[in-house]
Amino acid sequence: MDGHCIGIVGGLGPYAGLDLVRKIFDSTRAAHDQDHARVMLHSFPGDIPVRPEFLLGLTDVNPGHAIGEVMAGLARAGADIIAMPCNTAHSPRILDVALERLRAENGHIRFIHIIEAALSQVRRIAQPGARVGLMGTVATLRTRLYQDALEHAGFTPVILDDGSCQTVQDAISHDEYGIKAASSPVTPRARHMLLRAVEQLAGMGMDVLLLGCTEIPLALTESAYFGIPAVDATRALARELVQACIPDRLTQE
């Protein structure tokens, strides 16, 4: 067995961390327990401030400090490959602070970036110039994490209007029916709201759908919608982690 160990920063939200672990296992060819990767999930949601509030200027408390402490703890526990199933937390304003703390703990840890993983998957299924329908939190969209990456790679992001983006945000974070409040199972209302958003994007002429929030794939689990292929950023990250840890056991697409 390879000596690598994957460390996952959980709690962002908690079910997104579990979903990433499951997709790591699902992306692994294994005949026995021992064939799977070594994985640690540290899920300390109460320790990490809300990411969007910081990015939207509603608080000065940078969640990167707390995230960095979780990363450092994973490194001390033996992880040498680290990932974080939260797209919003990959904003450089947060991630750079977290990685600085991690490097102070151990400068040899490899960090696998979810947005880069998702973009690699888009490249596999779409030609440059393709229109990529993007769903994510309001903070992720406003900070242009995916838009800039997609445009730099030669793709055209397709974004919903502000009202529809807020509907997607409500499906994710509403404290009664949102995915963060009711992840298992996801409420029918939240799934319906997200499906309506996908339908709107399809009507705007997208070639690929990119689920750029780790909560959304908990509700939208299909591989295609309206005949349009969907890229799940969490699954893309899981496959990159298996490739980095035990590449000979990565499943076929």
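Just so you know, these numbers come straight off a predicted model, no measurement behind them. Just so you know, residue 1 is the first one in the sequence shown, and it goes up from there.
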Engineer: Charged N to carboxylate O under 4.0 angstrom, Glu253 versus Arg235?
Structural biologist: yes
Engineer: Any Lys/Arg nitrogen of Glu240 or Arg124 sitting under 4.0 Å from an Asp/Glu carboxylate oxygen of the other?
Structural biologist: yes
Engineer: Before you tell me yes or no, could you show the steps for Thr214 and Thr234 under side-chain hydrogen bond (donor to acceptor under 3.5 Å, both in side chains), namely the whole-Å CA-CA distance, both residues' side-chain angles and the distance that decides it to 0.1 Å?
Structural biologist: CA-CA 6 Å; Thr214 50; Thr234 304; 5.0 Å; no
Engineer: Is the distance between the ring centroids of His90 and Phe111 less than 6.0 Å?
Structural biologist: yes
Engineer: Supply the atom-to-atom distance Arg142 CZ to Thr137 OG1, rounded to the nearest 0.5 angstrom.
Structural biologist: 10.0 Å
Engineer: Where is the tightest heavy-atom contact between Leu102 and Ala72, given as atom of each residue plus distance?
Structural biologist: CD1-N, 4.3 Å
Engineer: What are the two closest non-hydrogen atoms of Ala244 and Ile112, and how far apart are they?
Structural biologist: CB-CD1, 4.3 Å
Engineer: Could you grab the distance from atom CZ of Arg103 to atom CE of Met71, nearest 0.5 Å is fine?
Structural biologist: 8.5 Å
Engineer: Does the side chain of Ile216 come within less than 4.5 Å of Val168's, by heavy atoms?
Structural biologist: yes
Engineer: Which is it for Leu12 and Val9 under the side-chain contact (heavy atoms from CB on, under 4.5 Å) test, yes or no, and what are the steps along the way?
Structural biologist: CA-CA 8 Å; Leu12 304 167; Val9 180; 3.8 Å; yes
Engineer: Could you tell me whether the side chain of Gln169 and the main chain of Val138 form a donor-acceptor pair under 3.5 Å?
Structural biologist: yes
Engineer: Give a yes or no answer on whether the side chain of Arg131 reaches the backbone of Gly205 with a donor-acceptor pair at less than 3.5 Å.
Structural biologist: yes
Engineer: Are side-chain N/O atoms of Asp162 and Gln166 paired as donor and acceptor at under 3.5 Å?
Structural biologist: no
Engineer: Got more than 12 heavy atoms from elsewhere within 6.0 Å of CZ, Arg101?
Structural biologist: yes
Engineer: Of the non-hydrogen atoms in Cys165 and Leu141, which two are nearest, and what is the gap between them?
Structural biologist: SG-CD1, 3.5 Å
Engineer: Can Asp207 and Phe155 be said to form a side-chain contact (heavy atoms from CB on, under 4.5 Å), step by step?
Structural biologist: CA-CA 10 Å; Asp207 302 303; Phe155 298 106; over 6 Å; no
Engineer: For Gly78, is there any backbone N or O sitting under 3.5 Å from a side-chain donor or acceptor partner on Arg38?
Structural biologist: no
Engineer: Any pair with a residue in residues 187-228 that passes ring pair (Phe, Tyr, Trp, His ring centres under 6.0 Å), sequence neighbours left out, goes on the list, sorted by first then second residue, please.
Structural biologist: none
Engineer: With sequence neighbours left out, what residues match Asp26 under salt bridge (Lys or Arg N to Asp or Glu O under 4.0 Å)?
Structural biologist: Arg22
Engineer: Is there a donor-acceptor pair closer than 3.5 Å between any side-chain N or O of His32 and the backbone N or O of Gln34?
Structural biologist: no
Engineer: Give me the atom names and distance for the closest heavy-atom approach of Leu201 to Val158.
Structural biologist: CD2-O, 3.5 Å
Engineer: Should Ile94 and Ile115 be regarded as members of a common hydrophobic cluster, given that ILVMFWY residues are connected when their side-chain heavy atoms come within less than 4.5 Å of each other, either directly or indirectly?
Structural biologist: no
Engineer: Decide yes or no on side-chain contact (heavy atoms from CB on, under 4.5 Å) for Leu194 and Val186, but give the supporting numbers first.
Structural biologist: CA-CA 11 Å; Leu194 294 173; Val186 171; over 6 Å; no
Engineer: Yes or no on side-chain hydrogen bond (donor to acceptor under 3.5 Å, both in side chains) for Asp161 and Ser164, after CA distance, side-chain angles and deciding distance?
Structural biologist: CA-CA 5 Å; Asp161 62 35; Ser164 296; 3.1 Å; yes
Engineer: Has Asp248 got more than 12 heavy atoms of other residues, nucleotides or ligands less than 6.0 Å from its CG?
Structural biologist: yes
Engineer: Under a 3.5 Å cutoff, is there a donor and acceptor pairing between the side chains of Thr251 and Ser27?
Structural biologist: no
Engineer: Do other residues, nucleotides or ligands put more than 12 heavy atoms under 6.0 Å from Arg93 CZ?
Structural biologist: yes
Engineer: Charged N to carboxylate O below 4.0 Å: is that the case for Lys23 and Asp232?
Structural biologist: yes
Engineer: First locate atom CD1 of Ile67, then atom CG of Leu99, and finally report the distance between them rounded to the nearest 0.5 Å.
Structural biologist: 9.5 Å
Engineer: Rounded to the nearest 0.5 Å, what separation is found between the OG atom of Ser183 and the CD atom of Glu215?
Structural biologist: 6.0 Å
Engineer: Taking Glu176 first and then Arg189, would you say they form a salt bridge - that is, a charged N and a carboxylate O separated by under 4.0 Å?
Structural biologist: no
Engineer: Determine which pairs satisfy ring pair (Phe, Tyr, Trp, His ring centres under 6.0 Å) with at least one residue from residues 46-80, sequence neighbours left out, and list them in order.
Structural biologist: none
Engineer: Would you name the heavy atoms of Asn87 and Leu145 that are closest together and state the gap between them?
Structural biologist: O-CD1, 3.4 Å
Engineer: What's the separation between atom CD in Gln147 and atom CD1 in Ile159, rounded to the nearest 0.5 Å?
Structural biologist: 4.5 Å
Engineer: Step by step, work out the side-chain contact (heavy atoms from CB on, under 4.5 Å) result for Cys213 and Thr140.
Structural biologist: CA-CA 8 Å; Cys213 169; Thr140 296; over 6 Å; no
Engineer: Treating Ile, Leu, Val, Met, Phe, Trp and Tyr as nodes and any side-chain heavy-atom pair under 4.5 angstrom as an edge, say whether Ile82 and Val21 lie in one connected cluster.
Structural biologist: no
Engineer: Going from OH on Tyr15 to CG on Leu20, what distance comes out if it is rounded to the nearest 0.5 angstrom?
Structural biologist: 16.0 Å
Engineer: So, Glu116 and Arg123, do they make that salt bridge, N to O below 4.0 Å?
Structural biologist: no
Engineer: Are Val97 and Phe44 linked, directly or through other ILVMFWY residues, by side chains that come within less than 4.5 angstrom of each other?
Structural biologist: no
Engineer: Find out if a path of hydrophobic residues (ILVMFWY) with successive side-chain heavy-atom gaps under 4.5 Å connects Leu41 to Met84.
Structural biologist: no
